[in-house]
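First comes the structure, then the notes that go with it.
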Amino acid sequence: MTRAAGRWTTPATQALRVGPGFDLAGLDRRSTPGWSGDKKSAPDALAAQGERLSELQERLFAHGRTGGDRAVLLVLQGMDTAGKGGIVRHVLGMVDPQGVALRSFGVPTAAEKRHHYLWRIRRALPRPGYIGVFDRSHYEDVLVVKVEGLVPAGEVEERYDEINAFEAEVASSGTRVVKVALMVSLDEQAARLRERLERPDKHWKYNPGDIDARERWPLYQAAYQTALERTSTDVAPWHVVPADRKWYARLAVGALLQDALEGLDLGWPPADFDVETELRRLEASDPRT
Ligand code: AMP
Ligand code: MG
């Protein structure tokens, strides 16, 4: 039996990157940009990707343990049901959990509200050696906040530049910022919300407020378009991932993460002891002899 092969004909970083002239409205959310195979090609590709990601993550962790300053931050944005949780489970799930620092951002708590919107974000940045994952992020502060009018429009307007400056600072501290917007279609979102309502094991994921946000879909899409075009920078570019096909979204985010880790170009840290000496010591260390 021959397995269906798949491959990137255009690297995910290139195929998905938000550049000049980006138009969210024109995105086919069932499409699979850059990938040549179909669903049957996904399992093998994911398994191979998992092995590579796992090694790269371990190198990053070793680097952090030996005084290095590099880290990776994966920012996940998307409407409800876009698949952010699935990315965490299936993509980050392929690497050692001790090296992943996951943080979900919901409605700010009373304590968080007393601070600048970037306060809780700064505190959650990954330490050297870690892959930080933000399930929602400071982008909520120009998305839901804008759509719901939670702060004056003029203030939202100033946030794009402020976010760019903040991310440039994060990048210059040694953290690679990978920003991913998972884009599900209105029809697929309806199907996924219906499933959450029809299956008792999914009720916990459902929030009646999801329907309110769904009703404001066009406003959210417009807010996404603005955020994506105003904050896709060289040091922290956005990638827009069509998310109606979960297998593709997972493969794509895995590829983006892999690219970021490969870009760190980390080897294994050299021993800070003399290996030959330690081998001799080991040989002579059996207390029974
Ligand atoms: P979930 O990710 O499904 O657990 O939902 C989290 C909710 O928190 C979403 O409805 C977000 O829009 C909301 N949220 C996240 N950050 C903010 C923020 N800064 N201001 C207001 N709502 C937010
Ligand atoms: Mg939700």
Side-chain angles (χ1 to χ4, degrees), residues 24 73-92 100-125 132-160 162-164 166-167 170 179-186 188-228 230-231 238 241 243-244 246 249 253:
L24 184 58
L73 173 63
L74 176 64
V75 173
L76 295 174
Q77 279 294 153
M79 300 290 286
D80 295 298
T81 78
K84 302 184 290 295
I87 295 294
V88 173
R89 186 200 285 215
H90 296 279
V91 179
L92 280 309
V100 177
L102 169 67
R103 179 66 205 272
S104 304
F105 292 98
V107 178
T109 62
E112 287 169 346
K113 278 190 187 128
R114 285 195 289 275
H115 295 271
H116 187 271
Y117 69 97
L118 291 174
W119 179 78
R120 63 176 185 166
I121 305 296
R122 284 184 191 279
R123 287 161 52 100
L125 289 172
V133 182
F134 285 178
D135 175 349
R136 303 190 190 267
S137 65
H138 44 301
Y139 284 97
E140 293 295 324
D141 295 282
V142 290
L143 293 167
V144 64
V145 165
K146 184 183 197 180
V147 171
E148 302 294 337
L150 303 179
V151 309
E155 221 170 289
V156 172
E157 190 54 33
E158 286 166 10
R159 290 184 173 182
Y160 305 104
E162 191 171 39
I163 287 172
N164 288 339
F166 166 68
E167 291 176 355
V170 171
K179 299 189 294 193
V180 175
L182 294 165
M183 289 294 164
V184 74
S185 68
L186 201 48
E188 181 65 21
Q189 192 201 41
R192 293 181 188 178
L193 286 173
R194 176 173 295 279
E195 190 179 33
R196 288 183 181 184
L197 284 166
E198 289 176 347
R199 282 179 49 177
D201 62 321
K202 298 217 171 196
H203 286 169
W204 67 275
K205 289 194 194 185
Y206 184 83
N207 176 350
D210 296 351
I211 302 292
D212 300 303
R214 178 175 165 80
E215 283 173 344
R216 292 194 250 292
W217 190 270
L219 292 175
Y220 273 100
Q221 297 303 307
Y224 264 103
Q225 170 72 37
T226 304
L228 293 168
R230 303 252 328 243
T231 62
W238 271 109
V241 174
D244 278 11
K246 289 179 180 174
V253 178

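One-based numbering, in listed order, for ligands and for the atoms of each. Residue numbers count from 1 along this sequence.
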Mind checking salt bridge (charged side-chain N to carboxylate O under 4.0 Å, His left out) for E158 and listing every partner two or more places apart, or none if nothing turns up?
->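 Partners of E158 under the salt bridge (charged side-chain N to carboxylate O under 4.0 Å, His left out) test: none.
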Passing candidate, side-chain contact (heavy atoms from CB on, under 4.5 Å) with D210, options M79, R196, E215 =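 Considering M79, R196, E215, a side-chain contact (heavy atoms from CB on, under 4.5 Å) with D210 is found only for R196.
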Contacts of type side-chain hydrogen bond (donor to acceptor under 3.5 Å, both in side chains), residue Q221, not counting sequence neighbours = R29
Using ring pair (Phe, Tyr, Trp, His ring centres under 6.0 Å) as the criterion, list what pairs up with Y117, not counting sequence neighbours.
->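 Residues passing ring pair (Phe, Tyr, Trp, His ring centres under 6.0 Å) with Y117: none at all.
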To the nearest 0.5 angstrom, please state how far the OH atom of Y224 sits from the CE atom of M183.
-> 5.0 Å
Pair D244 + R192: basic N to acidic O under 4.0 Å =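 Looking at D244 and R192, the cut-off is not met.
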Neighbouring protein residues of ligand 1 - any heavy atom closer than 4.0 Å =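 Within 4.0 Å of ligand 1, the protein residues are D80, F105, G106, V107, P108, R120, R136, E140, D141, V144, V145, L150.
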